Amino acid sequence: MITSSANPRVKQVAQWQAKAGERLRAGVFLAEGFKMYMEAPREWIREVYVSAGALERAGECRDILEKLEGTGYETVSEEVFRKMSDTQTPQGILCVMERPAHTLEELLEGPSPLLLVLEGLQDPGNLGTIFRTGEGAGVAGIILGGGTVDPCNPKAVRATMGSIYRVPFVSAEDLPGAVDRLRQQGIRTYAAHLEGKRYYDSFSFLGGTAFLIGNEGKGLSGELADRAEEYVKIPMEGQVESLNAAVAASLLMYEVHRQRSGKKMV
């Protein structure tokens, strides 16, 4: 059992919790909690740390014990686990995961892909919610531009509630160039924009579709908005000017789902 917070492995995990650059260089991300552990693909798992108390509680669940036997794990004291954890009330299990590596070409595979292009999103909870909703709506992948929070940020990972394992994503240093590539592949691009003249439910999204979603406060940059073939508008009542980025993205994705499933939302 690891009982010292000075242990090199404990210090390394703490660094990965705090620094996106360190995670990126190591090609890892961290996932906490039993749900995230049980849903984690075994081939992605590098290391597992379990607090003594959590291990005792896990003894009541055969599925958890079987997976722990398969992946292996290191037991740590409760105090040390608190040093490693990013949460206020940790569940007592933490995984070091292999960071997934996808390409834009992979996201474009298949007929009529639905994609999200995110520029400058800063809130990890928003990003995680977009991943979670994207999985539910059937998104093919997410393209993240510079200035967008790391999807492997611990708070973002928690907010995905496991969807980070199943929704492919790529980071694009040249986001306008990536949007140009989508258009070359026949993907129609739509910007969620205050200057939109038509409501989003007046468009047909049966073909390949990409929605461009901008920063929570500033929206899309002019350079990226200019790449969109259409601006789409979300109805607003009262004095509300815009919606939370995750809410806007969810509305658009589920409109695509509604049209493609042929079912009316009830």
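Computed from a predicted model, the values in this text were never measured in an experiment.
The 12-atom threshold is exceeded at CD of E105, counting heavy atoms of other residues, nucleotides or ligands nearer than 6.0 Å. Other residues, nucleotides and ligands contribute only 12 or fewer heavy atoms inside 6.0 Å of the CD atom of E237. No more than 12 heavy atoms of other residues, nucleotides or ligands lie within 6.0 Å of NZ in K11, so this atom counts as exposed by the packing criterion.
A salt bridge does not link K67 with E39: none of the charged nitrogens is closer than 4.0 Å to a carboxylate oxygen. A salt bridge between K19 and D150 is absent, with no side-chain N of the basic residue lying under 4.0 Å from a carboxylate O of the acidic one. One finds no salt bridge joining K233 and E195 here, because no Lys/Arg side-chain nitrogen approaches an Asp/Glu carboxylate oxygen to under 4.0 Å.
Side chain to side chain, R198 and Y231 fail the donor-acceptor criterion of an N or O pair below 3.5 Å. Between the side chains of E216 and N126, a donor-acceptor pair is found at a separation under 3.5 Å. Residues T71 and Y37 have side chains that bring a donor and an acceptor to within less than 3.5 angstrom of each other. Defined by atom type and a distance below 3.5 Å, a donor-acceptor pair is missing between the side-chain atoms of E119 and T148. A donor-acceptor contact closer than 3.5 angstrom links the side chains of E32 and S85.
The backbone N or O of N153 lies less than 3.5 Å from no partner atom in the side chain of Q17, so there is not a single donor-acceptor pair. Remark: the backbone N or O of T103 is paired with a side-chain donor or acceptor of E106 at under 3.5 angstrom. A donor-acceptor contact shorter than 3.5 Å is absent between the side chain of R227 and the backbone of G177. Put simply, the side chain of T160 never gets that close to the backbone of R158: no donor and acceptor are under 3.5 Å apart. Counting only distance, with no hydrogens or angles, the side chain of E78 and the backbone of G53 share a donor-acceptor pair below 3.5 Å. Between the side chain of R260 and the backbone N or O of G207 there is at least one donor-acceptor pair closer than 3.5 Å. Side chain of S261 to backbone of R258: a donor-acceptor contact under 3.5 angstrom is found. Within the 3.5 Å criterion, the main-chain N or O of T189 finds a donor-acceptor partner in the side chain of E229. The closest donor-acceptor contact from the side chain of R132 to the backbone of M161 lies under 3.5 Å.
Residues L68 and I93 meet the side-chain proximity criterion, which asks for heavy atoms closer than 4.5 Å. Under the 4.5 Å side-chain criterion, counting only non-hydrogen atoms from C-beta, W16 is in contact with V28. Taking the side chain as every heavy atom from C-beta outward, R46 and E98 approach each other to under 4.5 Å. Residues S171 and H102 form no side-chain contact, since every pair of their non-hydrogen atoms from C-beta on lies 4.5 Å or further apart. A 4.5 Å side-chain heavy-atom check between L104 and L182 finds at least one atom pair inside the cut-off. Side-chain atoms of P154 and R23, non-hydrogen and from C-beta on, do get closer than 4.5 Å to each other. Inter-residue side-chain proximity for H193 and V232 is flagged as unmet; no heavy-atom pair is nearer than 4.5 Å. Looking at S221 and L224, their side chains come closer than 4.5 Å, going by heavy atoms from C-beta outward.
For the ring pair (Phe, Tyr, Trp, His ring centres under 6.0 Å) test, no residue two or more places apart in sequence or in another chain qualifies with Y200.
A side chain to side chain contact (heavy atoms under 4.5 Å, CB included) with I143 is found for one member of L116, L175, L118 and no other, namely L175. Applying side chain to side chain contact (heavy atoms under 4.5 Å, CB included) to V13 and the options V76, D86, V80, L30 leaves one that passes, L30.
Between Y165 and F29, the angle of the ring planes lies from 30° to 60°, which puts this pair in the tilted group. A parallel orientation is assigned to the rings of F203 and F205, their planes being inclined by less than 30° (bins at 30° and 60°).
Pairs engaging residues 53-65 under the side-chain hydrogen bond (donor to acceptor under 3.5 Å, both in side chains) rule: none recorded [sequence neighbours left out].
Residues L24 and I142 fall into different hydrophobic clusters, defined by Ile, Leu, Val, Met, Phe, Trp and Tyr side chains chained together at heavy-atom separations under 4.5 Å. Under the 4.5 Å side-chain heavy-atom criterion for Ile, Leu, Val, Met, Phe, Trp and Tyr, L144 and L115 are members of distinct hydrophobic clusters.
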